[in-house]
Amino acid sequence: MTLSPGFADPVAEAQQSFRAILAALSRPGRVQSLGAGLRPPAPLLPAAAAVLLTLADADTPLWHDAGAAADAWLRFHCGSPAAGRPGEARLVLACGAPPPLSELDAGSDEAPEDSATLLVQVAGLAEGSGWRLTGPGIAQEHRLLVEGLPSWFPAAWEAQRRGFPRGVDVLLCAGTRIAALPRGIALGQG
Amino acid sequence: MTETGYNFAYLDEATKRMIRRAILKAVAIPGHQVPFGGREMPLPYGWGTGGIQVTASLIGRDDVLKVIDQGADDTTNAVSIRRFFARVAGVATTERTAAATIIQTRHRIPETPLREGQILVYQVPMPEPLFRLEPRVAETRRLHALADYGLMQVKLYEDIARLGHVGLSYNYPVMVNHRYLMSPSPIPAFDNPKMHRMPALQVFGAGREKRIYAVPPYTAVHSLDFEDHPFRPIRADARCALCGSDASYLDEVVTDDAGGRLFVCSDTDYCGERQARQRRGEAA
């Protein structure tokens, strides 16, 4: 078994990926592209792989459900300690159904930045229809259609929002595309 | 010329990852101060060690960097930081606000309105707005957690009761997204309204205190005030002696020892472009 490579130019590509993630988080619901050159092992897709190559290291316990091949790839390229369960992880990657938001580390009122970041691989992301997002980073409203999230997600998100500033930030990844839901964003139903 | 022997943009990749994670959490919680492992930088605390670490973690080869110190592109701090990034990252630099993708600033917001996609990086000496009212860091964290900002309201009230107005002309505290009290860094209160729903991303770095905080685009930023004493940005009642602007923030320049003085724009790029336009107008 040979491992596929990470970033071909680690410094420049990590910087470009970071700016894509930053753009996604500062403009919630706007779709950004990243990780185009990556060939991670299935079921890991380029966008989620690029996020982890950019942000994960020995300081970020990682939980994922991506299986053995992806685990070997992530251990080699990121070197993150494996979290025993999602609640102990700083970075959570869900290729299948994501764990309940309430089980993840939401940080504390005094240190809400200690919360987990949840990466969910979804089937599709499209601007222009779907949720009506409002909140910081959005001038009026951004519309975002997400395919492949479980039906409990909107209700769980609203429940989490009541605990602000505690909460999990969500990065939705589809192929080489990414959109973000920082914890303060309201998901108006379309 | 780009220096060899350093990683791109000076910081090592592990440090950049740590700072990048802090910036992302700061953006997700507008106005909240996120601690980070501030590194020792090749310039002293107070010269922008926080801002320079934020910029180093953001910047890429395609970015165009502008650095200002009190509005000016040509002062020591601005020139040295601009040259630092030209040497360790090989990036293009500019003095024009409109041409820059990243603007690192010490204590001013440019007069030219910023646009979507630009990033404004502030150098912050003291990130904690409650610092002079509550010296215990653990206690200020608790106050932020509870959004208990009565101390600051009382301070403003006492200023009004004693002086008739709020006695702050810079570093005037703001509420971000109606939740967190935030220090805007020592920008003049005149600049505070520019932060409100700014299309550009604003990131604040405090190197000595090791805190990063941020305001995402189009986020509400309100200067703290009272209904019967609304916030008033203060500006010298004069025109710029060079470009004639009656809307920009002015620096007072003493010209002799007999009381002579004149006022000029603090933002050198704004003033220079206005003068250039006026010259072109005269020539036409």
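A, B, ... follow the sequence lines: proteins, then strands. Residue 1 opens every chain.
- With a 4.5 Å cut-off on non-hydrogen atoms, A:R166 does not touch chain B at all.
- Put simply, the side chain of A:T54 does not reach to within 4.5 Å of the side chain of A:V51, judged on heavy atoms.
- For the set A:P165, A:A12, A:A14, the count of heavy-atom pairs under 4.5 angstrom toward chain B peaks at A:P165.
- Of the listed residues (B:N177, B:L146, B:V176), the one with the most heavy-atom contacts under 4.5 Å to chain A is B:N177.
- The backbone N or O of B:L58 lies less than 3.5 Å from a partner atom in the side chain of A:Q15, making a donor-acceptor pair.
- Within a 6.0 Å sphere centred on CZ of B:R197, heavy atoms belonging to other residues, nucleotides or ligands number more than 12.
- Checked against the 6.0 Å centroid criterion, the rings of B:H107 and B:Y122 do not qualify as a close aromatic pair.
- Contacts between A:A56 and chain B at a heavy-atom distance below 4.5 Å involve the backbone alone (N, CA, C, O).
- Proximity to chain A is absent for every atom of B:D62, based on heavy atoms less than 4.5 angstrom apart.
- The candidate with the highest count of non-hydrogen atom pairs below 4.5 Å against chain A, out of B:M18, B:R141, B:Q33, B:R20, is B:R20.
- Ring geometry, B:H222 versus B:H196: the interplanar angle falls from 30° to 60°, so the pair is classed tilted.
- Within 6.0 Å of the CZ atom in B:R115, the count of heavy atoms belonging to other residues, nucleotides or ligands exceeds 12.
- Looking at B:H144, neither its backbone nor its side chain comes within 4.5 Å of chain A, counting heavy atoms on both sides.
- Taking each heavy atom of B:T94 and B:A99 in turn, the nearest pair found is OG1-CB, 4.0 Å.
- The parts of A:L55 that come within reach of chain B are both its backbone and its side chain, each placing non-hydrogen atoms under 4.5 angstrom from that chain.
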Q.
For a side-chain hydrogen bond (donor to acceptor under 3.5 Å, both in side chains) check, start with the C-alpha distance between B:S185 and B:N171, then their side-chain angles and the critical distance, and finish with the verdict.
A. CA-CA 5 Å; B:S185 85; B:N171 210 355; over 6 Å; no
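- Note on A:G137, A:P182, A:G167: by heavy-atom pairs under 4.5 Å with chain B, the leading option is A:G137.
- Contacts with chain A were tallied for B:V34, B:I23, B:I59, B:N7; B:I59 has the most, counting heavy-atom pairs under 4.5 Å.
- Taking chain A as the reference chain and counting heavy-atom pairs below 4.5 Å, the highest number among B:V215, B:L24, B:I119 is found for B:L24.
- For B:Y213 and B:Y180, the ring centers sit 6.0 Å or farther from each other.
- Between chain B and the options A:D57, A:D169, A:T60, heavy-atom pairs under 4.5 Å are most frequent for A:D57.
- The residue among B:L143, B:L201, B:I29 with the most heavy atom pairs within less than 4.5 Å of chain A is B:I29.
- Contact detail for B:N192 and B:Y172: the closest heavy-atom pair is ND2-O, 3.1 Å.
- Neither the backbone nor the side chain of B:D12 comes within contact range of chain A; no heavy atoms are under 4.5 Å apart.
- Look at B:R142 and B:D148 and you find no salt bridge, because none of the NZ, NE, NH1 or NH2 atoms lies under 4.0 Å from a carboxylate O.
- Among residues 88-118 of chain A, the residues having any heavy atom closer than 4.5 Å to a heavy atom of chain B are, in sequence order, A:D109, A:E110, A:P112, A:E113, A:S115, A:A116, A:T117.
- B:F84 and B:Y10 have their aromatic ring centers within a separation under 6.0 angstrom.
- Contact of A:I21 with chain B is made through backbone and side chain together, with heavy-atom distances under 4.5 Å.
- Side-chain atoms of A:S129 and A:R143 form no donor-acceptor pair, as typed in the model, at a separation below 3.5 Å.
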